[in-house]
Amino acid sequence: INLGEFKSVMLASLRSLVKDWASLHEVSWSWIWENVERMLKKMMGKPIKQEAALSALVGSLDESSLMTIRREVYSKFFTLAPAGQDYFKQSTT
């Protein structure tokens, strides 16, 4: 993954979308991306290791525990991001 190239494409896209793009926008978005890039680089390679540990944990839980975790995750998610409910539509039929 070439994060530097992504930054260039992201900034070019933002410049074309924001009509009043100014140097302050450029500085701000560059700062945000540099922080995101730093965090991503720090995490690269770790998800594979974490996936194995998470799979072992989930595999050790009974169905009741899994349902409790599901309920808590969705409850916390919708509390933190109420607009997320618009993306989780459930059929009533």
Handout entry: CG-OG distance between L66 and S60, expressed to the nearest 0.5 angstrom
Key = 8.5 Å

Exercise for the section: Verify the cluster assignment for V9 and I32: are they in a single hydrophobic cluster under the rule of side-chain heavy atoms below 4.5 Å apart? Expected result: no

Handout entry: Nearest heavy atoms of K42 and K46, plus distance in Å
Key = O-CE, 3.5 Å

Exercise for the section: Mind jotting down which residue pairs meet the salt bridge (charged side-chain N to carboxylate O under 4.0 Å, His left out) criterion with at least one end in residues 20-37? Sequence neighbours excluded, please. Expected result: K7-E34, R15-E26, E37-K41

Practice task
Following the transitive rule for hydrophobic clusters with a side-chain heavy-atom cut-off under 4.5 Å over Ile, Leu, Val, Met, Phe, Trp and Tyr, establish whether L14 and V27 coincide in one cluster.
Solution key: no

Completion exercise
From the list L11, V18, L24, side-chain contact (heavy atoms from CB on, under 4.5 Å) with W29 holds only for L11

Fill in the blank from the handout: salt bridge (charged side-chain N to carboxylate O under 4.0 Å, His left out) pairs touching residues 63-75, sequence neighbours excluded, are E63-R70

Practice task
For atom OH of Y74, decide whether the heavy atoms of other residues, nucleotides or ligands shown that lie under 6.0 angstrom number more than 12.
Solution key: no

Handout entry: Over 12 non-hydrogen atoms of neighbours within 6.0 angstrom of CD in E51
Key = no

Problem - Residue I48 excluded, over 12 heavy atoms near CD1 under 6.0 Å - result: no

Practice task
To the nearest 0.5 Å, tell me how far I69 CD1 sits from L57 CG.
Solution key: 6.5 Å

Practice task
State plainly whether one hydrophobic cluster holds both V36 and W31, where clusters connect Ile, Leu, Val, Met, Phe, Trp and Tyr through side-chain heavy atoms under 4.5 angstrom apart.
Solution key: yes

Handout entry: W33-M44 co-clustered via ILVMFWY side chain contacts under 4.5 Å
Key = yes

Problem - Separation of L61 CG from M67 CE (nearest 0.5 Å) - result: 13.0 Å

